[in-house]
Amino acid sequence: MMLYSIGKDSAVMLHLAKKAFFPGPLPFPLLHVDTTWKFSDMYALRDRVAADPAVQLIVYKNPEAERLGINPFDHGPAHTDMWKTEGLKQALDKYRFDAAFGGARRDEEKSRAKERIFSFRDRNHRWDPKRQRPELWSLYNVRKNKGESVRVFPLSNWTELDVWQYILREKIEIVPLYFAGERPVVERDGLILLVDDDRIPLNGEQPQMRRVRFRTLGCYPLTGAVESAACTVEEIVAEMLVTTTSERQGRAIDRDAGTASMEKKKQEGYF
Amino acid sequence: MNRPATDISEWLKAQDSKELLRFITCGSVDDGKSTLIGRLLYDTKQIFDDQLSALEADSRKHGTQGEGIDFALLVDGLSAEREQGITIDVAYRFFASEKRKFIVADTPGHEQYTRNMVTGASTADLAVLLVDARKGVLTQTRRHSYLAQLLGIRHFILAVTKMDLVDFDQSAFDAIAADYRVFAGQIGIKDWTAIPVSGLGGDNIGEQSSRMGWYAGPTLLEQLDSVPIDATSDAAKPFRLPVQWVNRPDQSFRGFAGQIAAGSVKPGDEVRVLPSGRQTRVARIVTRDGDLHEAIAGQSITLTLNEEVDCSRGDVIAAATQAPEAADQFEATIVWMDEHEMLPGRGYWLKLGTQLVTATVQHPKYEINVNTLERLAAKTLELNSIGIAEVATDREIVFEPYVVDGGSPNRALGGFILIDKLTNATVAAGMLHFALRRSLNIHRQHLDVSRETHATLKGQKPAVLWFTGLSGSGKSTIANLVEKKLVARGRHTFLLDGDNIRHGLNRDLGFTEADRIENMRRVGEVARLMADAGLIVLTAFISPFRAEREMVRKMLPEGEFIEVFVDTPLADAEKRDPKGLYAKARAGEIKNFTGIDSPYEPPENAEIVIDTMTLTAEAAADRIVEELSKRGRL
């Protein structure tokens, strides 16, 4: 199964898979672990991707989170934990997937720099950085015991620039939010948030139209925009080269527990 | 990354054609390795403002540079490591110059982590060896040089670090370079360059140092930009495509997909499919964006062939006139990477290219002390030890020698990993040297009286009834009864009993895991010879390991090995304890006793399972005879 988050890395990974298995269809389904809080433009692209007969898409929503109405405004870190981390575990258990492709890259975050391309998870989906299998040459040991699973990161050695270059060269469709546009936003705790629908509580705030884009996409109330005029991939790259903040900076999720937060999340089973 | 040229499209085009160089850094934290890498990232503008501000905060908290920036913290990833102040695993970093993209494998210098260095070196074109200007060439420098060379790395940079701490003194640098020249000559490293640097001050890393006017050589980055890349030489070798997957979306299409390991290919090229040896021509190189006229090493492609030849995953499509060999016995260098020592004779999975086979490793011919490079006698290999040993596979594999003098290493068809069949851990990495001719030269003596003749003369079908189970489960008792019943029916039989064999043939073996494996191998061979002679052989051994029972099964023709699992719960076997052995084992008088301090691996698919809690020995024997008759063995 391939985890499909609708972001640019997922788009690249999906494109690579279509090329690899051509002229055959993808021999595995895509899985979108939905939080119900993604940007509406993301859902629109997802539905277009799923319309391709060579692609089978499974959408999974944690029923518990759905029942409790878990949302990023009232429940803080529980939102990511229940929808994403728990949701993914449930989906893996439900469909008994033993391997999942993910679009993570080693250059994204310090703890990812050490992760294997074939990364093992125990029966409880946990990652143990001290018990990783050595990966030599391009030989991957895919053998595993019952109940264990593997996360496979084919883009491990790609950089953010590689991803953009490839999107440009291969003309891959990505969510329009990556490109600048006049959008209604509010600013909170230094994050510029898009008013994507009326679920965002506006305590007297007046959304402003600003020319913004997103460097990374997640749940809209947790993903900050940057002011930008970049409307093409070339302009995005040009902006990236002079920009001075790293890609994940707009993600509120990384700030939850200080510098080691991503490593902790991964040990708990977050992708 | 550097600033874009005026036209971003032009700049992006230039990025697309950049070469990729992978290198490894070797040295310990004390040598300033993390600082050096941090500096490379900083000098090539890979560090963003938010990372820099996090780094400044981190530097004050954990840093060793007072109020200054500690570049090392940029590189040390895991929080556990930051606390311990050591790097514990291989970490990969990415940066780029005007000319190339780089992937750095950052590996620890700690002695017990040879495994990590070998992993990092397996994909590297070049090694940067760090030497502290105050300490000079150390044992670890030699060890790192040796390991890098062992993995086929041909280009070296000797980065003499912390030049600021020796006042940028030329004589200190010259002495170290002279020292290394002697060592490099001894082990045959030809291409190496020494560069004096200071990670803290950034001297001779991205820019020429103003404080070492006496040094006229390249900066570290200039040298990284100029050494030849292995991928270039791989592309000039004969064509090799290890088949990863056969793409058959429908009856009309049959494509062979994989990554080209060496050489190049065009439609119409004569190719040979190995190991079968069938020759044909390439019809098309199929991609989603249309057929290609040519593809080279490093590209992942799908080929179609002119004729319908048999070809599946694991096969290698190669240039017809320069095809690689196939063999089943080799000499290899083995780097042991698991806590559990190597077990000579034990069957491991061997993965080479896309081929997966069962392999056994003999006792090493010798082990290499990586510090002194001396050859030492060794009975086995332990974690982080390196040895030379013979490897036998259960079927022929297509291979090439890993290191060929002067060329880039044949990583794809010369490097392999060993995988434990039970834990699935990657336990070793290996590099094939050459095929042993022995298996080809020692032809088996042709026997005029065949095993069929022996069996026919006795009017029976040979079989090996392999009883396995805990000590005290009743294996010998039941096997005895079965033999009596068979003899009563006029069958020719022979019972090999554990205790009796251990008093004779296997008198020299103890009860360690390695000895138990050898015990089983010998019993298996004897049982096979007796089956060849037409006998129905019964064996009664604990035979605790699944791997060895499978080994014996494979020695015999299909259907002749009949595994009989005498299933008794440990508590009951211990309660019976007919020889008083469990009591002794519990008291610590016997070591490695199955069920107590040595594992028993029950069969997963035994032909016959006897539950001794519900069946008497007599009833069990009847069931076995009945089962033999059902299987047409009587």
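A, B, ... follow the sequence lines: proteins, then strands. Residue 1 opens every chain.
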Asks: If I measure from the heavy atoms of chain B, does A:Thr232 come under 4.5 Å with its side chain, its backbone, both, or neither?
Replies: neither

Asks: Under a 4.5 Å heavy-atom cut-off, does chain A meet the side chain of B:Lys101, its backbone, both or neither?
Replies: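 Only the side chain of B:Lys101 comes within 4.5 Å of chain A.
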
Asks: Answer yes when B:Asp420 and A:Arg143 have at least one side-chain N-carboxylate O distance shorter than 4.0 Å, and no when they do not.
Replies: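 Looking at A:Arg143 together with B:Asp420, the answer is no, because their closest N to O distance does not fall below 4.0 Å.
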
Asks: Does any non-hydrogen side-chain atom of A:Lys19 lie less than 4.5 Å from one of B:Asp289?
Replies: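 A side-chain contact exists here, since the closest heavy-atom pair is under 4.5 Å.
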
Asks: If I compare all heavy atoms of B:Thr302 with all of A:Ala20, which pair ends up nearest, and what's the gap?
Replies: OG1-O, 4.3 Å

Asks: Could you tell me which portion of B:Val427 (side chain, backbone, both or neither) has an atom closer than 4.5 angstrom to a non-hydrogen atom of chain A?
Replies: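 Contact with chain A: none, neither part.
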
Asks: Using heavy-atom distances under 4.5 Å, tell me whether B:Tyr92 contacts chain A through its side chain, its backbone, both, or neither.
Replies: both

Asks: Can you measure from CG (A:Leu16) to OG (B:Ser300) and round to the nearest 0.5 angstrom?
Replies: 9.5 Å

Asks: Taking atom CG of A:Leu168 and atom NZ of B:Lys13, what is their separation to the nearest 0.5 Å?
Replies: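 Going from CG on A:Leu168 over to NZ on B:Lys13, the span is 10.0 Å.
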
Asks: Against A:Leu136, only a single residue in B:Met337, B:Arg411, B:Met431 fulfils side-chain contact (heavy atoms from CB on, under 4.5 Å); can you say which?
Replies: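 Of all the options given, the one that passes is B:Met337.
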
Asks: When you look at B:Phe94 and A:Trp158, which way does the side-chain contact (heavy atoms from CB on, under 4.5 Å) test go after all the steps?
Replies: CA-CA 8 Å; B:Phe94 308 86; A:Trp158 292 48; over 6 Å; no

Asks: So what's closer than 4.5 Å to chain A heavy atoms on B:Thr423: side chain, backbone, both or neither?
Replies: backbone

Asks: Given heavy-atom pairs under 4.5 angstrom as the criterion, report whether the side chain, backbone, both or neither of B:Leu151 touches chain A.
Replies: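 Just its side chain gets close to chain A.
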
Asks: List in chain and number order the residues that pass salt bridge (Lys or Arg N to Asp or Glu O under 4.0 Å) with B:Arg254, two or more places apart in sequence or in another chain; answer none if no residue qualifies.
Replies: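 By the salt bridge (Lys or Arg N to Asp or Glu O under 4.0 Å) rule, B:Arg254 matches B:Glu308.
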
Asks: Restricting to non-hydrogen atoms, name the atom on B:Pro249 and the atom on A:Gly24 that form the minimum distance, rounded to 0.1 Å.
Replies: CB-CA, 3.6 Å

Asks: So what's closer than 4.5 Å to chain A heavy atoms on B:Thr426: side chain, backbone, both or neither?
Replies: both

Asks: How far apart are the C-alpha atoms of B:Arg93 and A:Asp107, what are their side-chain angles, what is the distance that settles it, and do they pass the salt bridge (Lys or Arg N to Asp or Glu O under 4.0 Å) test?
Replies: CA-CA 7 Å; B:Arg93 313 280 159 199; A:Asp107 79 329; over 6 Å; no

Asks: Can you tell me how far apart CD (A:Glu135) and OG1 (B:Thr119) are? Round to the nearest 0.5 Å.
Replies: 9.0 Å

Asks: About how many Å separate CZ of B:Arg288 and CD of A:Glu170, when rounded to the nearest 0.5 Å?
Replies: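 Result: 9.0 Å between the selected atoms.
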
Asks: Can you tell which part of B:Asp338 gets under 4.5 Å to a heavy atom of chain A, answering side chain, backbone, both or neither?
Replies: neither

Asks: A:Ser138, A:Pro134, A:Ser156: which one forms the most heavy-atom pairs within less than 4.5 Å of chain B?
Replies: A:Pro134

Asks: Does any heavy atom of chain A fall under 4.5 Å from the side chain of B:Ile103, the backbone, both, or neither of them?
Replies: side chain

Asks: Name the region of A:Phe21, side chain, backbone, both or neither, that has any atom closer than 4.5 Å to a heavy atom of chain B.
Replies: both

Asks: Where do A:Arg133 and B:Ala425 come nearest, in terms of heavy atoms and distance?
Replies: NE-CA, 4.4 Å

Asks: Excluding sequence neighbours, so at least two apart, what forms salt bridge (Lys or Arg N to Asp or Glu O under 4.0 Å) with A:Arg213?
Replies: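 For A:Arg213 the salt bridge (Lys or Arg N to Asp or Glu O under 4.0 Å) partners, ignoring immediate neighbours, are A:Glu239.
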
Asks: Can you say whether B:Leu20 sits under 4.5 Å from chain A via the side chain, the backbone, both, or neither, judging by heavy atoms?
Replies: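 Interface part for B:Leu20: neither.
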
Asks: Is there a donor in the side chain of A:Asn145 and an acceptor in the side chain of B:Asn424, or the other way round, less than 3.5 Å apart?
Replies: yes

Asks: How far does CD1 of B:Ile417 sit from CG of A:Asn141, to the nearest 0.5 angstrom?
Replies: 5.0 Å

Asks: Give the member of A:Phe22, A:Trp137, A:Tyr140, A:Tyr166 that has the highest number of heavy-atom pairs under 4.5 Å with chain B.
Replies: A:Trp137

